[in-house]
Structures are given as structure tokens and as C-alpha cells.
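What follows is a single structure, written as C-alpha cells, with notes after it.
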Amino acid sequence: SQELEQSPQSLIVQEGKNLTINCTSSKTLYGLYWYKQKYGEGLIFLMMLQKGGEEKSHEKITAKLDEKKQQSSLHITASQPSHAGIYLCGASSGNTGKLIFGQGTTLQVKP
Amino acid sequence: GAVVSQHPSWVICKSGTSVKIECRSLDFQATTMFWYRQFPKQSLMLMATSNEGSKATYEQGVEKDKFLINHASLTLSTLTVTSAHPEDSSFYICSATTQWGSRTEAFFGQGTRLTVV
């Protein structure tokens, strides 16, 4: 079965610093999703990547999917306290909407 | 974007009782909904796939008699935790899928925090 490994598991950065979160799949991905979650709340959709080499940006967050479609990175530029939360990568092995998730990366941004 | 509503957002129940959680797609029809469970400081684990008009498909290790899923219409799926015990306390999240062009998109509810005392 497909597994997703996220790294790091937790991250503390100073406000204004850049950071990167990685997500590695044991199998080729059909689609890779990035979500943000505040503890005890629902998921906020950030971005979805489907094509090898694809890169998407929204405000200060950029996500990339490698050519082999097995690794993705999420990069935050000039982090702010509002970026704090749990970042989850999710993967679909087919076009079903069924997702498996990585274990999450908890981000703290110190003012 | 598409909206998925879960109700209740939190519930406390006594051990041995049953609790029903609703997942509704508000502005689209969802032939398939998924139920996930999340324990504190852990990721989301898929519990089951809920298909409208047919029986749910459960992931390995999930007791189908304990977690009853009903998908009676294209906009509503329910998860009933029967004879709840403290170890069932968790955060339950549903997602509803719809076609977005050629792609199937999943939209998540806000989650339900269940505490069994």
C-alpha cells in the first residue's frame, strides 16, 4: 500500500524566515494535495499538484512536485505567525478522491 | 468552492451510548464520501468509503458493526459510532467528492470532536 512520509515532523522558525516541508511517497502519485490544519479543526486546502515538475504558488506558499511524481515540497517564504499550524500532504493513487495522508508537520512561527 | 458541512462540531457522550455524525455537501452532489479519524497529534486515517445507495467499504481494522455508515442521498452521509467507549474519542472528518473537470476533487468538512466519558 502507498505510504507518505513527511519531514520534518515539527518545525519552529523565527518570523520572517523561509522554510520547507517535504513529502515523499513510496509509489508514483496520481495527485498530491497540501492542506493546512489548526489543531482540532478541519482541513484548509492549499494546493494540488498533478503533473511531474509542476509548481504552484499562492501568496507566500509554493508547492512543487518532482518529475518522477514521488516527492513534493512546500516552501513558505518570509513566514508569519499566521502560517503556524499543521501541514498535511495527501495523495491519491487514482482519480477517486480517496486520500492517504502523511503524518503531518507542525509549524510554529515565533514573532 | 464546494462546501461540506459536518454536524455536530463537537459532542460528549456517555460510554455505551451511540452517536451520529452527519456530513452534508451543501452546494453539490457527492456520489462518494469518505470518513477519516484523527487521534491527537496524529494524521488522518481513512476509515471507510461511503457510496450513495450501496454499502460502505471499510478499511482494514475498522469494525463495520461499530461504525455504521449510511449514505442515503447524494448530499448526506452519516457515521454512527455505536456503543461508544472512551477509546473511540477522536476527531472525525468527512470528505465529499465531486468532478472538477476531468479531476475528482475532495472537499472536507470541519470535523467532529467526539469525547466519550
Side-chain angles (χ1 to χ4, degrees), chain A residues 1-11 21-26 29-51 54 56 58 65 69 84-108, chain B residues 1-7 9-10 21 23 25 28-51 56-61 77 89-115:
Chain A
S1 60
Q2 188 170 28
E3 293 183 354
L4 290 180
E5 186 74 27
Q6 270 184 252
S7 63
Q9 290 190 10
S10 64
L11 198 51
I21 299 169
N22 294 302
C23 178
T24 302
S25 171
S26 58
L29 298 161
Y30 176 85
L32 190 287
Y33 298 75
W34 283 100
Y35 292 91
K36 181 184 175 184
Q37 183 185 30
K38 294 284 188 182
Y39 180 71
E41 298 180 13
L43 304 181
I44 300 169
F45 173 78
L46 296 175
M47 272 168 277
M48 188 263 187
L49 304 166
Q50 202 168 9
K51 299 177 183 177
E54 187 174 9
K56 288 185 178 178
H58 178 67
L65 182 62
K69 295 175 64 175
I86 302 166
Y87 288 82
L88 292 159
C89 64
S92 58
S93 55
N95 194 26
T96 63
K98 176 179 176 179
L99 300 179
I100 60 163
F101 287 89
Q103 71 270 45
T105 296
T106 301
L107 171 64
Q108 294 180 52
Chain B
V3 179
V4 176
S5 176
Q6 256 184 265
H7 177 81
S9 55
W10 61 271
I21 302 170
C23 179
S25 55
F28 67 99
Q29 293 183 330
T31 53
T32 305
M33 292 185 177
F34 299 94
W35 287 96
Y36 296 83
R37 180 167 56 182
Q38 185 180 34
F39 290 108
K41 298 189 177 181
Q42 294 187 25
S43 190
L44 278 73
M45 297 298 294
L46 179 66
M47 298 175 67
T49 302
S50 170
N51 296 300
T57 304
Y58 291 83
E59 295 298 303
Q60 194 172 10
S77 175
S89 298
S90 187
F91 192 61
Y92 294 86
I93 305 181
C94 70
S95 74
T97 62
T98 187
Q99 287 301 120
W100 209 263
S102 62
R103 208 169 69 210
T104 301
E105 281 289 349
F107 298 93
F108 285 83
Q110 70 270 43
T112 298
R113 177 158 301 286
L114 169 64
T115 303

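Atoms considered below: every heavy atom in the structure, side chains included; atoms not considered: hydrogens, waters and symmetry mates. Small disclaimer: the values here were computed from a predicted structure and weren't measured. A note on names: the letters A, B, ... follow the listed sequences, proteins ahead of strands, and every chain is numbered from 1.
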Heavy atoms of A:Gly97 and B:Ala106 approach each other most closely as O-CB, 3.7 Å
Please determine whether side chain to side chain contact (heavy atoms under 4.5 Å, CB included) holds for the pair B:Phe108 and A:Leu99, giving the CA-CA distance in whole Å, both sets of side-chain angles, and the decisive distance to 0.1 Å. CA-CA 11 Å; B:Phe108 285 83; A:Leu99 300 179; 4.1 Å; yes
Do B:Gln42 and A:Phe101 come within less than 4.5 Å of each other through their side chains, counting heavy atoms only? no
Under 4.5 Å from any heavy atom of chain A - which part of B:Leu44: both
B:Ser43 portion near chain A, given a 4.5 angstrom heavy-atom threshold: both
In terms of heavy-atom pairs under 4.5 Å, which option from B:Glu105, B:Gln38, B:Gln99, B:Met45 contacts chain A the most? B:Gln38
Over all heavy atoms of both residues, which pair between A:Glu41 and B:Ile93 is shortest? Give the atoms and the distance, please. O-CD1, 4.4 Å
Heavy-atom contact with chain B under 4.5 Å, split by part of A:Gln9: neither
Could you pull out all residues at least two apart from B:Ser9 that satisfy side chain to side chain contact (heavy atoms under 4.5 Å, CB included)? none
Quick one: what part of A:Ile86 sits under 4.5 Å from any heavy atom of chain B, side chain, backbone, both or neither? neither
Answer with side chain, backbone, both or neither: which region of B:Gln6 has an atom nearer than 4.5 Å to a non-hydrogen atom of chain A? neither
Tell me which of these, A:Thr106, A:Leu88, A:Thr96, has more heavy-atom pairs under 4.5 Å with chain B than the rest. A:Thr96
Smallest heavy-atom separation, A:Lys98 atom then B:Tyr36 atom, equals C-OH, 4.2 Å
Proximal component of B:Gln60, with respect to chain A [non-hydrogen, under 4.5 Å]: neither
For A:Lys56, enumerate each residue passing the side chain to side chain contact (heavy atoms under 4.5 Å, CB included) test, keeping only those at least two apart in sequence or located in another chain. A:Met47, A:Leu49, A:Glu54
So what's closer than 4.5 Å to chain B heavy atoms on A:Gln37: side chain, backbone, both or neither? side chain
